[in-house]
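Here the structure comes first, spelled out in structure tokens, and everything after it is commentary.
Atoms within a ligand are numbered from 1 in the order they appear, just like the ligands themselves.
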Amino acid sequence: MWKIYLSPPEMSAVERERLLHAFDSGWIAPAGPDLDAFEDELCALSGAAAAVGLSSGTAALHLALEVVGVGRGDDVLMSDLTFAASAFAAAYLGARPCFIDGDPHTWQIDPELLRAELAVRAAAGRLPAAVVSVDLYGSVADGTSLAAACAEYGVPLVEDAAEAVGASRDGVAAGRFGQVGIYSFNGNKIATTGGGGAIITDDVALAARVRHLSTQAREAVAHYEHREIGRNYRMGNINAAIGRGQLHTLDERIEARRRVYQHYLRTLGELPGVRFQAVPVGCVPNHWLTTVELDPHEFGATPAEVLAALRAERIEARPGFMPMHLQPVFADAPVVGGAVSAGHFARSVSLPSSGRLSSDEVQMIADIVASARR
Ligand SMILES: *Cc1c(COP(=O)(O)O)cnc(C)c1O
């Protein structure tokens, strides 16, 4: 269908070799030496004391919220601009997601809005059970400010770094700003295990609890004994083997995506009415998805027209995330602000961002975007 995909998996000989090695060793699933090594490598990458490989980023969010104490009837404050899985995880636990608008330049959850909302809720005696911050498009939210606001009110922070594996801010790896961070290794993310996720944390007891809950909460006895409700959420060894290869080649792939981003920035950044996601000082994104906002009047074309022009050439591009407060399924959920995220949805286009794109291909995409103008 597509000639150029938005963000396809990028495999090399390293991933293939790890996969075959795991296969030939007989360690297919469930656990195995590659899963142990993958977790160690996630700790080395992030600086976290513990990591647990899971079946998806969504599963990781579900367990992260569960172990920080989210339960039925609770509120969970979170970024309005995110992929729906962040909010689904709260819903799985019977909690209610409440959305906080983004910053107009970075599009990440606005720490001042969060702080103000926490103050209002503290005064009313209805603090949320947790806050979920999201690192959007491979950049990193202002985790230091968000963590400080949460600490002030004693509310746990979960960092949804599903898109930000390998990114950092002020020398701190994405996923490290809250009590628990989560990564996704879904097929469209910058590092994939074919499908998978992980939690990272410095709290080793918390990690042990996630591991326990992810393996059907089976007690450490010979027979099948369970004292609480478990989930079948553990990552398989074969998936972890692919993931090890992806971590091994991560730096090169981030560098390649950065070149693609810089090429778009050089060409499209010159045009009127084009805004790139602001990169704060000290932030090193992984450039998972290069996303731009287009002002139709200044630019001379609507995002829909740009997407249509790309589609005609069989190039896959998409609008940016639809904010959660506009999702029919969350129509009843409270939202603080929402104009920034709604504006982002109306104006944004995510461009093909694979590091495998040649310079000519990126130039061709940029030319198609530019020529959509009236
Ligand atoms: C991809 C993504 C998830 C879900 O991860 P899966 O591995 O696909 O379940 C959660 N949050 C965000 C922000 C994501 O982009």
Residues E15, R18: salt bridge by 4.0 Å N-O rule: no
Per-residue contact class, N188 against ligand 1 - non-hydrogen pairs under 4.0 Å: neither
Please report which non-hydrogen protein atom sits nearest to atom 15 (O) of ligand 1, along with the residue it belongs to and the distance in Å to one decimal place. E163 OE2, 2.5 Å
Heavy atoms only, cut-off 4.0 Å: how does A85 contact ligand 1, side chain, backbone, both, or neither? side chain
What is the closest protein heavy atom to atom 5 (O) of ligand 1, and at what distance does it sit? S184 OG, 3.3 Å
Give the residue, atom name and distance (to 0.1 Å) of the protein heavy atom nearest atom 11 (N) of ligand 1. D160 OD2, 2.7 Å
Counting from 1 in the order shown, the ligand 1 atoms closer than 4.0 Å to a non-hydrogen atom of S56 are 7 (O), 9 (O)
Just verifying a value: how many Å separate E66 CD and L213 CG, rounded to the nearest 0.5 Å? 5.0 Å
Using heavy atoms and a 4.0 Å limit, tell me yes or no: is G196 in contact with ligand 1? yes
In this structure, is the centre-to-centre distance between the rings of F38 and F185 below 6.0 Å? yes
R234 with E39: basic N within carboxylate O range, under 4.0 Å: yes
Element-labelled atoms of ligand 1 that are located less than 4.0 Å from some non-hydrogen atom of G57: 5 (O), 6 (P), 7 (O), 9 (O)
Would you mind running through ligand 1 and noting each atom that sits below 4.0 Å from a heavy atom of T82? 13 (C)
By number and element, which atoms of ligand 1 are closer than 4.0 Å to a non-hydrogen atom of V134? 13 (C)
Search all heavy atoms of R169 against all heavy atoms of V140 and return the closest pair with its distance. NH1-O, 2.8 Å
Look at the aromatic rings of Y137 and F321 and report parallel, tilted or perpendicular, splitting at 30° and 60°. parallel
Give me the atom names and distance for the closest heavy-atom approach of S133 to L146. CB-CD1, 3.6 Å
For ligand 1, indicate whether the residue T58 contacts it via side chain, backbone, both or neither (heavy-atom separation under 4.0 Å). both
Measure from the ring center of F99 to the ring center of H325 and say whether it is less than 6.0 Å. no
Taking 4.0 angstrom as the limit, do D75 and R121 come out as a salt bridge? yes
Just need the protein heavy atom nearest to atom 1 (C) of ligand 1, so name the residue and atom and give the distance. K189 NZ, 1.6 Å
Are any of the heavy atoms in L61 under 4.0 Å away from ligand 1? yes
Any atoms of ligand 1 less than 4.0 Å from a non-hydrogen atom of N186? List them with their elements. 7 (O), 8 (O)
I'd like to check which ligand 1 atoms, numbered from 1 as shown, lie under 4.0 Å from a non-hydrogen atom of F83. 2 (C), 3 (C), 12 (C), 14 (C), 15 (O)
Just how far is it from atom CD1 of I365 to atom CG of L268, taken to the nearest 0.5 Å? 10.0 Å
